[in-house]
Amino acid sequence: MSTPLPHSRVRVQRIAEAAVERARLTVVPRVRARSPRVPFVTLVSLLLLGGVVGLLMFNTSMQQNAFAATALEQKASDLTSREQTLQMELEVLRDPQVVAEKARSLGMVDGGPPAFLAADGSVHGVPMPATLANRVPILPPAVKKPAALDPKPIIVEAPREQKTRAERRAERRAERRAERRAERRAERTNSRDTDRTSRQDRTRRDRNGSTRPDSGDRSTR
């Protein structure tokens with residue numbers, strides 16, 4: 001009698017061998033995943049463009065701020081100089097001499113010597129009314145210069161230059177030339193006047209001659 005065990009074993013071995021052959025690993029070729037370059041390039045270009053535009057705007061704003069700062073500094077310097085000039089003018093106007101001169105120009109008079117009243121009723125001093133005679137000099141008197149600093153003017157008369165014979169001859173020649181030129185101009189003007197008068201006479205004669213036969217023809221008619 002035959003048993004089915006060996007056949008089943010052989011079958012199992014074959015199935016196992018087939019499974020082992022199937023289970024063996026094989027080298028698969030690597031598939032390269034190419035990412036699209038266009039979005040990356042556009043992103044980089046946009047970043048560069050934005051940076052350049054921002055840098056230009058920053059530079060322009062800085063220049064405008066610099067111009068505004070210089071203008072404000074100039075204005076501040078002008079205002080400080082104006083303040084200094086006004087302060088100097090105010091100091092001049094506060095001068096007691098200037099105030100006294102303005103008061104006198106308005107018609108005010110300097111006060112006379114005052115009198116003081118004591119507690120016991122006595123009067124010390126002689127009061128005087130304010131008049132023009134009691135005017136106090138405001139400006140100091142002019143200081144005279146010493147003779148060494150104020151010398152008399154020295155007048156020196158220059159000798160007259162005597163003309164030489166050559167200069168006299170040249171002057172005479174120049175006078176003669178001027179006289180000749182004047183005579184020539186007068187002759188030219190006279191000749192022009194005579195020519196004009198002669199032309200006018202001729203035109204008048206021609207007109208009179210042209211009008212006379214017409215008058216004769218009219219009379220015959």
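Here the shortest heavy-atom pairing between V123 and L117 reads CG2-CD1, 3.8 Å. Scanning both residues, A115 and G125, for their nearest heavy atoms gives CB-O, 3.9 Å.
The side-chain contact (heavy atoms from CB on, under 4.5 Å) check on S122 picks up A118, D120, H124, with sequence neighbours excluded. Under the rule for a side-chain contact (heavy atoms from CB on, under 4.5 Å), the partners of L49 that lie at least two apart in sequence or sit in another chain are V53.
Note: Q74 CD to L79 CG = 10.0 Å, rounded to the nearest 0.5 Å. For the atom pair CZ (R192) and CG (N190), the distance works out to 11.0 Å, reported to the nearest 0.5 Å.
Side-chain contact between L90 and R94 is present, with heavy atoms from C-beta onward closer than 4.5 Å. A heavy-atom distance below 4.5 Å is not found between the side chains of D95 and V99.
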Take L93 and K102 through the side chain to side chain contact (heavy atoms under 4.5 Å, CB included) test and state the conclusion after the steps. CA-CA 10 Å; L93 292 173; K102 292 287 181 68; 4.2 Å; yes

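Enclosure of atom CD in E83 is not indicated, since only 12 or fewer non-hydrogen atoms of other residues, nucleotides or ligands lie within 6.0 angstrom.
Sorted by first then second residue, the side chain to side chain donor-acceptor pair (under 3.5 Å) pairs that include residues 51-67, not counting sequence neighbours, number zero.
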